[in-house]
Amino acid sequence: MTFTLPNLPYAYDALQPYMSKETLEYHHDKHHQAYVTNGNNLLKGTEFEGKSLEDIVKGSFGKNAALFNNAGQHYNHLHFWKWMKPNGGGEKLPGKLEAKIKSDLGGYAKFKDDFIAAGVGQFGSGWCWLAVKGGKLEIMKSANGESPLVHGATPILGCDVWEHSYYIDYRNRRPDYLKAFVENLVNWEYVDELFSKA
Ligand code: MN3
């Protein structure tokens, strides 16, 4: 397969005031596009040509760093756009997911604190995650383009904490960006869809 940049599933200004049109224009049109373009160039002539994106991400991890970084970030961003929606976030979660968060992570309030803490605690560029590992939910964090996918888990929610994701809107206030993401942007229906397949 070759990588292609999908359109955003909402208008560029749809996530304001929590994520601006300018941020989405740069983040989607420039940063994600660069991972797609570079990933396609790096894929050419490798053993990974013709494989699925998930297989490319898992197969190139630890073997082909340049390809992994771009394929990993393509995978992460494909989901990231869908992990947000206008009027999202908050604690109204689909029932089964809410129950699982309660049993595995101590409830929504603790999930929120721990997810934000993981994003704040990721030194430098990376992501914080809600993932399914061995049938249980876990909060994780990872550097650069890594995701739970290369650590034996299935990501069902992730927040991009690279500076390009928040610096236009929040400057250095990463905790405020993470709080806005959880409280106002998360598309819980999409998280639930991935949870039900994990
Ligand atoms: Mn990004």
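Every number for a ligand or one of its atoms is a count from 1 in the order of the listing.
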| query | Which residue pairs pass the salt bridge (charged side-chain N to carboxylate O under 4.0 Å, His left out) test when at least one of the two sits in residues 123-141, sequence neighbours left out? | reply |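 Salt bridge (charged side-chain N to carboxylate O under 4.0 Å, His left out) check on residues 123-141 returns no pairs.
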
| query | Would one find an N, O or S atom of H27, in either backbone or side chain, under 2.8 Å from the Mn ion (ligand 1)? | reply |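 Yes, H27 qualifies, because one of its backbone or side-chain N, O or S atoms lies under 2.8 Å.
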
| task | Going by the ring-ring contact (aromatic ring centres under 6.0 Å, His included) test, name the single residue among Y177, Y18, F181 that passes it with Y170. | result |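 Considering Y177, Y18, F181, a ring-ring contact (aromatic ring centres under 6.0 Å, His included) with Y170 is found only for Y177.
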
| said: Just to confirm my numbers, could you give the angle made at the Mn ion (ligand 1) by NE2 of H77 and NE2 of H164, rounded to 10°? | reply: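 The two atoms subtend 150° at the Mn ion (ligand 1).
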
| request: Quick one: report the N, O or S atom of D160 that is nearest to the Mn ion (ligand 1). | output: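 It is OD2, the N, O or S atom of D160 closest to the Mn ion (ligand 1).
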
| message | Measuring from atom NZ of K21 to atom CD1 of I168, what distance do you get when rounded to the nearest 0.5 angstrom? | response |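 One finds 11.5 Å between NZ of K21 and CD1 of I168.
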
| task | Hey, could you give me the CD/CG distance between E193 and N187, rounded to the nearest 0.5 Å? | result |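 These two atoms lie 8.5 Å from each other.
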
